[in-house]
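The structure appears right after this line, and notes come after that.
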Amino acid sequence: MGAALDRLLGWLDLGGIAVFAASGALVASRKRLDPVGFVLVAAITGFGGGTVRDLLLGRTPVFWLAAPELVGLCAAVGLAGYFAAHLIESRFRALLWADAAGLALYAVVGAEIALAAGADPWAAVLLGTVTATFGGILRDVVCQELPLILRREIYATAAAAGAAGFVALRLGLPALPREAAFAAGIALGFAIRGAAIRHGWSLPPYRARAGRDYPDAR
Amino acid sequence: MGAALDRLLGWLDLGGIAVFAASGALVASRKRLDPVGFVLVAAITGFGGGTVRDLLLGRTPVFWLAAPELVGLCAAVGLAGYFAAHLIESRFRALLWADAAGLALYAVVGAEIALAAGADPWAAVLLGTVTATFGGILRDVVCQELPLILRREIYATAAAAGAAGFVALRLGLPALPREAAFAAGIALGFAIRGAAIRHGWSLPPYRARAGRDYPDAR
Amino acid sequence: MGAALDRLLGWLDLGGIAVFAASGALVASRKRLDPVGFVLVAAITGFGGGTVRDLLLGRTPVFWLAAPELVGLCAAVGLAGYFAAHLIESRFRALLWADAAGLALYAVVGAEIALAAGADPWAAVLLGTVTATFGGILRDVVCQELPLILRREIYATAAAAGAAGFVALRLGLPALPREAAFAAGIALGFAIRGAAIRHGWSLPPYRARAGRDYPDAR
């Protein structure tokens, strides 16, 4: 990878961290956490996807251990959320959109890094999807919220589509500038997820037609 | 390890992935997820244990990033679950048995890989147990189900017994063919877990006789 | 690092494992688990923070795969909890204090190891905080308890303060013996967390003043 692409990847990573950190702060506001809790959940959400990606690929020490400016970014976003989240009219709606932006960014960044590491196209799409979704999963699991990914909306689908579009352009049209492939993949993922939020799109959920389900054994 | 053993390990891994993926699809049916949710939960469950094992041992990039056929297997099992889970009379019972098969397979595979990495026998048994149980733990945590491992049944015990039996045979009877040790360990783990399911066996749960417990502070 | 410091770090790690394992056993008693469940939750809690630390830094195989005595320690603490937790008058209070001791120990151990790995001071404080808190987070997530870290008390703050005090002493007063910096950092973290437990100290939680919150979409 050239230096320019590295810089571009760095900015995309930064953007993904910032919007996921903001989504973490919004969940922290729902949980009425203290300022430190805001910073911690912002950091877990902002760093979660990229950390899982780096661990799966063996890229250690993970990126944020060498990037104090990213630590500062997460802390600043977390504190901004603590002092300003009440100014937002609908925190759940803001969370959905911040999460959607992070999802689209990380799906493409994760797929690119997987491709660069020599992964198969299918695996790159899966890795992009997993890394795009794990920041939010960690955020929701730690905060004991029902993961956004399990709500009946097009979610992982959007991440997979963005990653797949990006991978298809990179491998199918190698003459296309990388920046264009990045932009197209991000736009595709964000458009699908955004349309799903605006119009309530969803894939048909599973419907039991026969069969006994779980006992409520808790 | 010879090529034949590698192949055998590969098949056992494949079997563990398939049955754990099926257990993931069954939990996805309980959660009424969409097809993509089925595939994602199937993949998290199918790859979870092996991924934790590889991360703990430092074997990265993790195995499935170089094995698109495994990605396809998880996707196929997940989609099959979406279209066919309603045909199963008792999904909870099917989940228990698929989970039991995955548990027995992964306990032995995890222990073998730990031994090959030079781990102490005790640590190999523990690693086998942890890797056999973490796919299911991740499945249940992500889906916000009460982990099977916390239900009052013999569960981790069966994984530990299978792994311990396998390790004992490998180290105590080095003349025994490895395939026999594999088979014995898997059979032992599956027999104990299966008997616990059929007969409702359990170890005595902890009973408070004195002492104040948690406040319900939630 | 000299051999003496390695030994000291080893003892601190051991202490952190033992008290976190005890906190795991106390949560297992709340969940009425069987003896194997006690051992498993004790091990997840005792090894969790150090395992996350090692994975983030790329120190694999993780430490406990080469340390069967630590496996034995966790098993012994878990079984002791199974047979003796009912003798403790207030298990929740005991859990708070065991967790506080683990928090203080691991914050400093994690920060030291991050410094030794060349991390930036800010990152070392964050890594100390994350590793001090992740054993407890894993314990609570696996057991489906509301994480202690989300209760409205000074928690991560204490870990961050202990780690920051330690890092400040190590870098600001290099002439100070390392043992003194360890002791000061541990004492600072434990004093803050302990005072918060005794006096009910907390940082002001976030209060919504405007804005619609989440729908209860579960």
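Numbered from 1 within each chain, the chains take letters A, B, ... in sequence-line order.
For the atom pair C/Leu126 CG and A/Leu70 CG, the distance stands at 11.0 Å (nearest 0.5 Å). In this structure, CG on C/Leu56 lies 11.0 Å from CZ on A/Phe47, to the nearest 0.5 angstrom. Between the CD1 atom of A/Ile44 and the CZ atom of C/Phe134 there is a distance of 4.0 Å, given to the nearest 0.5 Å.
Between the side chain of A/Gln144 and the backbone N or O of C/Glu145, at least one donor-acceptor pair lies under 3.5 Å.
In this structure, chain A has a heavy atom under 4.5 Å from the side chain of C/Ile137, while its backbone stays farther away.
Closest approach of C/Pro204 to A/Pro35, counting heavy atoms only: O-CD, 3.5 Å.
Contacts with chain C were tallied for A/Val71, A/Leu65, A/Leu55, A/Leu40; A/Leu65 has the most, counting heavy-atom pairs under 4.5 Å.
For A/Trp122, the CH2 atom sits in a loose shell: 12 or fewer heavy atoms of surrounding residues, nucleotides or ligands are nearer than 6.0 Å.
The side-chain heavy atoms of A/Trp64 and C/Leu127, taken from C-beta on, include a pair separated by under 4.5 Å.
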